[in-house]
Amino acid sequence: MNTDRLIAYFSMEIALELEMPTYCGGLGILAGDTLRAAADGQLPVAAISLLHRKGYFCQQLAADGSQTEHSCEWEIGNFLKELPARASVVISGRTVHIRAWQYDVKGAKGAVVPVYLLDTDLPENAEWDRRITDHLYGGDEWYRLCQEIVMGIGGVRMLRELGHRNLTRYHMNEGHASLLAMELLDEEALAAGRETFNHDDVESVRRKCVFTTHTAVPAGHDRFPLDMVAAALGRTEVGEMREIFCCGGSLNMTYLALNLSHYVNGVAKKHSEVSRRMFAGYKIHDITNGIHAPTWVAPSFQRLYDRYSPGWREDNFNLRHALSFPAEEVWEAHAEAKAALLDRVNHETNAGMETNVLTFGFARRIADYKRADLLLYDLERLKSIACQIGPFQVVFAGKAHPGDAVGRETIRKIFRAIEALKGHVRLAYLTNYDWELARLMTAGVDVWLNTPLPPLEASGTSGMKAAVNGVPSLSILDGWWIEGCIEGTTGWAIGSLLRLADPAQTTPLDAASLYDKIEKVVIPLYYNERDRFLDVMRHAIALNGAYFTTQRMLLQYVLSAYF
Ligand SMILES: *Cc1c(COP(=O)(O)O)cnc(C)c1O
């Protein structure tokens, strides 16, 4: 049984189904899209994550944009199969029992990638321990460490209990999973009849592990104080083998993964360059992220692709034929996707958006460096563009992390702009950005906007979802867009070329560049040169939709990292 899997994929979040709140944002969507591509490609993968009984959170917004959060309720039994296997870890001297629930990701040809979601809510556990697998990115540092122990160490043990004995690769999707490498070290030592591991064990574990780092934001890398780790795990060698585990007096999950992996990569070429500077001395490769095309293509475009590029689902590169699709039919498919979005917008917000007006979309986690409010930097300028050059409307969405005061204020600021621009520019903010809303928005706007502060955007994937629906990006040159942008052909670059000592000082310059491009290029093209706009749409599909997929991405992992 279960001896056929060769690759174990560990991720703190995985978006598996619309109704399962087991993800927060881009990382979880990427993990889900990766596993969907693995199932399509019949790759021998099994995945580990946590159950997240209470999910991340559902967002509610008051009339002034104040965010409140409530936990998501979902019927676990409707989606998952409980497995009889049990594993355990010891935390603070208490045994924490772990159960697994199985979800099968089904591929286009019927192959299955099993995902095991770990759950500590068992009556034999202490009350606090039963809650360890409840909240994704909730709680404090101690709670997070306990979650990572359950996922990393408990995950390896659960795979053994489930009979996966032939695993030759362990892929850590971000550093949350790094403790799996510590468990593999213990296994090596045990197999050799030793009590503690040595440098030979380190070498054999390195051969098995692959690590993908996902953020260029320093605070995004987990680290835990050594005394906290000792209290949780009751072991001291973490401090003794400093060169493997530590950095500045703490257990650094990124360094742990870097030291115990034979292949390490960033998620775009630029991000790998930035990571090489952050982690000097390590060889960091690049494999640019992608999306699972069949998951993200709107129904109207699915029909178009089925008609003109049959086989695009099996081989996404077929979408390069988009250059020869009839322009009117591309426009019709887009009009259908746009109507679906604007229906939702008008129904939910009463914004009165119109289908013949140029529509921009911006949606992502509301984190400071993403600068959701860059477009709103100068409201007078926006009014004058709308009045003198041509009308446009903007749809926003995104959740702020509950503890992020700056992000919460950014949402209120956007709500104030909605009021201030009434009668001039229609803006709307949709609540509870999730996978379903992302599908509607990335396909339904005319131009996808992204305005992060460089060099902090690791990759970004929402622009890829837009591209595969013929929606060009208007974006800062950072992350994947450096690879995807051909100016005036797949979309447009914005942003100051000046790099100041304090990068935030470029914000006014970046805003000015954004306004210039909207005024001089995007609005005139949209209203006056529809044929050329449709050329850009088709190039977005052919050059970017065909390429920035998890199918291409997994092929690169297979060739470079897995085998
Ligand atoms: C795609 C997606 C993201 C990530 O988008 P970015 O462009 O990387 O910010 C986040 N949340 C949801 C719901 C998504 O679908």
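Atoms within each ligand, like the ligands themselves, are counted from 1 in listed order.
Side chains of K338 and V445 form no contact here, defined as non-hydrogen atoms less than 4.5 Å apart. At least one side-chain heavy atom of F392 sits less than 4.5 Å from a side-chain heavy atom of F360.
Put simply, the residue from T34, V558, V267 that forms a side-chain contact (heavy atoms from CB on, under 4.5 Å) with M553 is T34.
Within 4.0 Å of ligand 1, the residues that place a heavy atom are G25, G26, I29, W296, R364, K370, Y433, D434, W435, A438, G460, T461, S462, K465, listed by chain and number.
Applying the salt bridge (charged side-chain N to carboxylate O under 4.0 Å, His left out) criterion to E519, with sequence neighbours excluded, gives R381.
A cation-pi arrangement is absent between K399 and Y56, since the terminal nitrogen or guanidinium carbon is not both under 6.0 Å from the aromatic centre and inside a 45° cone about the axis. Both the sub-6.0 Å distance and the 45° axial angle are not jointly satisfied by R371 relative to the ring of Y369.
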